[in-house]
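Worksheet: one structure, shown below.
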There are 2 protein chains.
Amino acid sequence: MKSFFDKTGKMALGSRLRMLTARFTDDATEIYKLYDLPLSPKWFPVLFILIEDTEKTITEIAEEIGHSQPSVTKIIKEMAAAGLVASNLKSADKRTNVVKLSEKGQQLSEKLKVQLVDVEAAVETLTSEARHNLWEAIAEWEFLLDHKSLLRRVNEEKKLRESKDVRIVEYEAKYQSAFKALNEEWISTYFTMEAADYKALDNPKTYILDRGGKIFVALYKDEPVGVCALIKMDDPDYDFEMAKMAVSPKAQGKNIGWLLGNAIVKATKELGGKKLYLESNTLLKPAISLYHKLGFKKVVSRATPYARANIQMELVLDN
Amino acid sequence: MKSFFDKTGKMALGSRLRMLTARFTDDATEIYKLYDLPLSPKWFPVLFILIEDTEKTITEIAEEIGHSQPSVTKIIKEMAAAGLVASNLKSADKRTNVVKLSEKGQQLSEKLKVQLVDVEAAVETLTSEARHNLWEAIAEWEFLLDHKSLLRRVNEEKKLRESKDVRIVEYEAKYQSAFKALNEEWISTYFTMEAADYKALDNPKTYILDRGGKIFVALYKDEPVGVCALIKMDDPDYDFEMAKMAVSPKAQGKNIGWLLGNAIVKATKELGGKKLYLESNTLLKPAISLYHKLGFKKVVSRATPYARANIQMELVLDN
DNA sequence: TCTAATTACATAACTGGTTATGCAAATATA
DNA sequence: TATATTTGCATAACCAGTTATGTAATTAGA
């Protein structure tokens, strides 16, 4: 068994924990027998709460011990059948089921305290024999996972790894079809293609590059999965417009938008631009949030050839 | 939740482990989704084994991953339904169900490897953030519990604590009824009371004390629960006989036999005895093993007034 | 060599939890 | 103040494992 987990690595942490848990719960049953306590180990958390604070409702107990409410309902039912608790006590709120220990339950809990002392001592001995403190380790991991779940941590690792496979390159003629297709994909999903779209997407060289603009392509494992254009503007207020940003849905979650955006900002600076402009639609939540992350701020309306534009943003470059 | 476990103490280690386990397995489901792997997390151990060694029987897999055989049977059934494994492959032994990954299963396992790397990295990061190493702690506790189970450890604590409530005192007239009752209890359970029994048990003063012997009584919480006599012998080979040892079944597991035996040995020395003798019956396994623990060795037969005696032992005192 | 014991596995039933759901009581709101 | 929403809890159904049990195939033994 040990060797199995050595082979699997940390991926099997859940499995390994489950097995260790099983050892404890199996032994718990025997330990209760040893002390001649007619208790089911699973009653322990509920019993413990009722020893501490005499009267409690089902939901209160569930919250305190971290179980679901139906779990506590079941446990209380079993304990009531064993004569350890009195439930459905009269209370102002008739929905609640107020529970407290019966006489028998109190007597039993006195005997339980003796057992608790021995178990505590046994675990303490175990802890002193071990170099690694399991109890403290659990507490610490609970804290760390509260702060950031394993899912989020894995997701971050995934993005990190995948972004290493993403390269941002300058536009070449061979990417023209990808440039058009990627844009057409999202535009026609949310809106409809307009005349201005066709002009730029069909003739990027004439309409973007030759006029002093740039286009960047994001390659994931050498396949184009994202594009973005930097278009020279003929406007006293702005030097360049960031436009035609598109990322394939298949390549989502790889930070590609962020990498393209950064490439655009860097290129603007290299070309001596001071202010970057963009148009978008508030329907595109992830895009808007990306623009904010890149430092863009909303600006007041301005004439636009696109029907779908309902928000305009700018980024003032400080160097 | 944390505060709940702070209050309960180590007794709730099982509960706490179960909850931490739940966090991992819940997140595992989401992680598989993130990688677009149509796998159930519970398949992982089986899948892992099949990636390592192509062909395996159900029982082999169960042993390697530490699950029960029916658990593996169920998992294989599910994986077969999902088209990941081919089961019931032809084999010499027709009882066995030989299983291997299908083409689809192999493709999926390739994708799984990518995920494994990310999870490993995420857990590694977690470990580096933590002061206590959970993975190592689990491995160590598994080892320590293999060596001595929690049940045994708790039992030892219990005996230790209870033996503190046991006092060995010298016989007084008020213990005569206990002396008789405790002996009568076990003798009549396994054998029948003999004439020699009644003589000694009814008149301990005349037959034991007045002849230079001693009787010790073990009190548990001031109740007599064990007795043992040291009887002066009229024999060139032996000075004293240890006899009439009896411990109440209710007080078993408190080391009382051992404590009484030690009291007898100590008294023999104080009285200047060099050799201690006893008679017993091999039916009484725990008693014989106690005598061995006290240092008694078997000796060859010798005349005895007791029909039930079928083993004789002696202890030579060295000081 | 024939029978008895063992082995491999499928199935059923149980365990200690969970989520989903519905109903009655209490509270909030128009 | 009537209605909508929320709350507390019981019940049902599910989940990932377990133990118990029955059956067919194999192996051991008299």
Side-chain angles (χ1 to χ4, degrees), chain A residues 1 12 14-30 32 39-47 55-81 85 87-99, chain B residues 1 12 14-30 32 39-47 55-81 85 87-99:
Chain A
M1 271 321 305
S15 272
R16 193 169 201 176
L17 272 170
R18 196 178 33 68
M19 289 193 174
L20 185 58
T21 307
R23 292 176 85 139
F24 279 100
T25 47
D26 288 354
D27 269 19
T29 312
E30 295 304 312
Y32 281 104
L39 294 177
S40 165
K42 69 170 168 172
W43 297 349
F44 175 74
V46 173
L47 189 53
E55 292 201 353
K56 287 267 166 187
T57 68
I58 298 271
T59 309
E60 281 167 0
I61 297 171
E63 270 172 14
E64 282 202 57
I65 71 176
H67 279 209
S68 64
Q69 163 265 311
S71 166
V72 176
T73 296
K74 273 194 262 183
I75 291 173
I76 288 296
K77 229 182 200 174
E78 290 178 26
M79 290 177 75
V85 298
S87 66
N88 282 312
L89 301 178
K90 60 230 135 282
S91 71
D93 187 338
K94 280 173 196 151
R95 293 168 305 175
T96 61
N97 182 349
V98 177
V99 178
Chain B
M1 269 322 302
S15 272
R16 194 171 199 174
L17 273 170
R18 194 177 34 67
M19 288 193 176
L20 185 58
T21 307
R23 293 176 83 140
F24 278 100
T25 46
D26 287 353
D27 269 18
T29 312
E30 295 303 313
Y32 281 103
L39 294 177
S40 164
K42 69 171 168 171
W43 297 349
F44 175 75
V46 173
L47 188 53
E55 291 201 354
K56 288 268 165 185
T57 69
I58 298 272
T59 308
E60 281 167 0
I61 297 171
E63 270 172 13
E64 283 202 56
I65 71 175
H67 279 208
S68 65
Q69 164 265 310
S71 166
V72 176
T73 297
K74 273 193 264 183
I75 291 172
I76 288 295
K77 227 182 202 174
E78 291 177 24
M79 289 176 75
V85 298
S87 66
N88 283 312
L89 301 178
K90 59 235 134 277
S91 70
D93 187 338
K94 280 174 198 150
R95 292 168 305 175
T96 60
N97 182 348
V98 178
V99 179

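Just so you know, these numbers come straight off a predicted model, no measurement behind them.
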Practice problem: List the steps, then state whether side-chain contact (heavy atoms from CB on, under 4.5 Å) holds for A:I75 with A:H67. | Solution: CA-CA 11 Å; A:I75 291 173; A:H67 279 209; 4.3 Å; yes
Practice problem: Using a 4.0 Å heavy-atom cut-off across all strands, classify B:T57 as base, sugar-phosphate, or nothing. | Solution: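 Since only primed, P, OP1 and OP2 atoms lie under 4.0 Å of B:T57, the category is sugar-phosphate.
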Quiz item: Mapping A:T96 and B:D93 onto DNA chain D by nearest heavy atom, which one lands closer to the 5' end?
Solution: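 Result of the comparison: A:T96.
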Quiz prompt | D:dG8 phosphate, OP1 or OP2, under 4.0 Å from A:N97 side-chain N/O | solution =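 It does not, given that no N or O in the side chain of A:N97 lies less than 4.0 Å from OP1 or OP2 of D:dG8.
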Exercise. Look at the side-chain N and O atoms of A:T59 and state whether any lies under 4.0 Å from the OP1 or OP2 oxygen of D:dG8.
Key: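 A:T59 to D:dG8 OP1/OP2: no side-chain N or O under 4.0 Å.
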Practice problem: Applying side-chain contact (heavy atoms from CB on, under 4.5 Å) between A:M79 and each of A:L47, A:V99, A:L39, report the one that passes. | Solution: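 Checked A:L47, A:V99, A:L39 against A:M79; only one passes side-chain contact (heavy atoms from CB on, under 4.5 Å): A:L47.
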Self-check item: Heavy-atom side-chain contact between A:V46 and A:I76 under 4.5 Å
Solution: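 Counting from C-beta outward, A:V46 and A:I76 do come under 4.5 Å.
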Quiz item: Within a strict 4.5 Å, meaning less than it, do heavy atoms of the A:F44 and A:Y32 side chains meet?
Solution: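 Side-chain contact under 4.5 Å: yes.
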Exercise. Figure out the CD1/C1' separation between A:I61 and D:dG8, and round it to whole Å.
Key: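 After rounding, the reported distance stands at 13 Å.
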Quiz item: Roughly how far, to the nearest 0.5 Å, is the CD1 atom of A:I61 from the NZ atom of A:K56?
Solution: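 Answer rounded to 0.5 Å: 8.0 Å.
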Practice problem: With rounding to the nearest 0.5 Å, note down the distance linking CD in B:E30 to OG1 in B:T25. | Solution: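 One finds 11.5 Å between CD of B:E30 and OG1 of B:T25.
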Exercise. Any chance you could list the contact pattern along nucleotides 18-24 of chain D? Use B for base contacts, S for sugar-phosphate-only contacts and - for none, protein heavy atoms under 4.0 Å, 5' to 3'.
Key: BBB----
Quiz prompt | chain B footprint on DNA chain C, 5' to 3' - any atom under 4.0 Å from a heavy atom | solution =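 Contacts span C:dT7 to C:dG17, reading 5' to 3'.
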Quiz item: If you find the nucleotide of DNA chain C closest to A:W43 and the one closest to B:V98, which residue's nucleotide is nearer the 5' end?
Solution: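 Nearest-nucleotide comparison on DNA chain C picks B:V98.
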Quiz item: Of all residues at least two apart in sequence or in a different chain, which pass the salt bridge (charged side-chain N to carboxylate O under 4.0 Å, His left out) check with B:E60?
Solution: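 Partners of B:E60 by the salt bridge (charged side-chain N to carboxylate O under 4.0 Å, His left out) criterion come out as none, since no residue qualifies.
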Practice problem: Answer yes if the side chains of A:E63 and A:T59 hold a donor-acceptor pair under 3.5 Å, and no otherwise. | Solution: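 A:T59 and A:E63 do not have a side-chain donor-acceptor pair below 3.5 Å.
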